[in-house]
Structures are given as C-alpha cells and as structure tokens.
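Only one structure is covered here, and it is reproduced in the block below.
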Amino acid sequence: MQLPDPVKISTIGYGLPRLGNRAFADYVDANVNLTHITYHHDPFPTLPPRLLGFQQPSHEVHIDQNDNWVECPGQEDQSTE
C-alpha cells in the first residue's frame with residue numbers, strides 16, 4: 001500500500017501478534033504512531049515465534065500479573081512479567 005506523504009497513521013492495538021521481521025518493525029516505528037497493549041496471559045503477542053525472524057514494533061504497554069500498566073522500551077521487550 002502506498003500512502004502519500006506526510007500521512008501519519010495512529011492506532012492502538014490489543015494483543016498484537018508479530019507481523020513481520022525487524023525491517024518491518026522499523027518501518028512501523030517510523031511511519032505509524034502505534035501503541036500495542038498486551039496482557040501477561042495472552043499468547044498472541046508471542047506468535048509467530050522470534051526464531052522464525054518475526055519482531056514486535058516499539059511502544060508496547062504491558063499489563064503485568066499485578067494489573068500494573070508498564071510502558072516497555074524499544075522493540076520486542078523481553079521482560080518476564
């Protein structure tokens with residue numbers, strides 16, 4: 001899809017699965033104002049697996065086991081909560 005410049009898309013996603021490789025995640029970070037919210041029991045944000053080259057973009061807000069909302073730095077935050 002081609003969008004004319006300077007279009008900036010903003011969206012909030014819930015339980016966002018990994019959609020592409022690092023280059024795609026970099027493209028999303030540069031061109032989309034994305035916030036993706038994940039819950040610690042939700043398996044979908046961990047699919048498809050990273051070992052296949054898939055990568056989450058930045059701007060994750062993670063709801064941890066104590067129901068705290070935590071902003072995660074960078075792409076593919078590896079926190080254990």
Side-chain angles (χ1 to χ4, degrees):
M1 177 196 297
Q2 296 291 326
L3 297 173
D5 289 332
V7 172
K8 188 74 169 179
I9 298 171
S10 296
T11 189
I12 298 174
Y14 299 88
L16 182 73
R18 295 179 179 120
L19 301 176
N21 61 13
R22 180 178 294 274
F24 182 79
D26 290 341
Y27 179 84
V28 169
D29 287 347
N31 295 287
V32 179
N33 182 12
L34 170 69
T35 299
H36 53 108
I37 299 172
T38 60
Y39 185 65
H40 74 280
H41 286 302
D42 187 355
F44 290 103
T46 63
L47 298 173
R50 290 188 72 209
L51 65 98
L52 297 177
F54 287 84
Q55 176 85 15
Q56 282 281 11
S58 299
H59 309 292
E60 175 186 7
V61 176
H62 181 76
I63 304 171
D64 69 15
Q65 59 198 4
N66 298 315
D67 291 331
N68 296 313
W69 291 53
V70 181
E71 284 190 55
C72 302
Q75 295 178 352
E76 203 62 54
D77 180 54
Q78 296 295 305
S79 67
T80 58
E81 296 188 30

Is there a path of hydrophobic side-chain contacts, each under 4.5 Å between heavy atoms, that joins Val28 and Ile9? yes
Check ring pair (Phe, Tyr, Trp, His ring centres under 6.0 Å) between Phe24 and all other residues, then give those that pass, not counting sequence neighbours. none
For His62 and Thr38, test the side chains for any donor-to-acceptor distance below 3.5 angstrom and give the result as yes or no. yes
Sub-3.5 Å donor-acceptor pair from the side chain of Gln56 to the main-chain atoms of Pro45, do we have one? yes
How far apart are the C-alpha atoms of Gln75 and Asp26, what are their side-chain angles, what is the distance that settles it, and do they pass the side chain to side chain donor-acceptor pair (under 3.5 Å) test? CA-CA 9 Å; Gln75 295 178 352; Asp26 290 341; 2.8 Å; yes
Other residues, nucleotides and ligands only: do more than 12 of their heavy atoms fall within 6.0 Å of OH on Tyr39? yes
Show the numbers, then the answer: is there a side-chain contact (heavy atoms from CB on, under 4.5 Å) between Leu34 and Leu16? CA-CA 11 Å; Leu34 170 69; Leu16 182 73; 4.0 Å; yes
Is there a donor-acceptor pair closer than 3.5 Å between any side-chain N or O of Asp42 and the backbone N or O of Phe44? yes
Rounded at 0.5 Å granularity, tell me how far NE2 in His59 sits from OG1 in Thr11. 13.0 Å
Assigning hydrophobic clusters by single linkage (Ile, Leu, Val, Met, Phe, Trp, Tyr; side-chain heavy-atom cutoff under 4.5 Å), is Tyr14 placed with Trp69? yes
Gap separating the CD atom of Glu71 from the OG1 atom of Thr35, nearest 0.5 angstrom: 8.0 Å
Checking Asn31 side chain against Tyr27 main chain: does a donor-acceptor pair fall under 3.5 Å? yes
Note: Ala25 and Gln55 closest approach over all heavy atoms is CB-CG, 3.8 Å
What residues, two or more places apart in sequence or in another chain, satisfy side-chain contact (heavy atoms from CB on, under 4.5 Å) together with Pro48? Arg18, Phe54
Kindly determine whether Ile37 and Ile63 satisfy side-chain contact (heavy atoms from CB on, under 4.5 Å), including the steps that lead there. CA-CA 7 Å; Ile37 299 172; Ile63 304 171; 3.9 Å; yes
Could you work out, with side-chain contact (heavy atoms from CB on, under 4.5 Å) as the rule, every residue matching Leu51, not counting sequence neighbours? Pro49
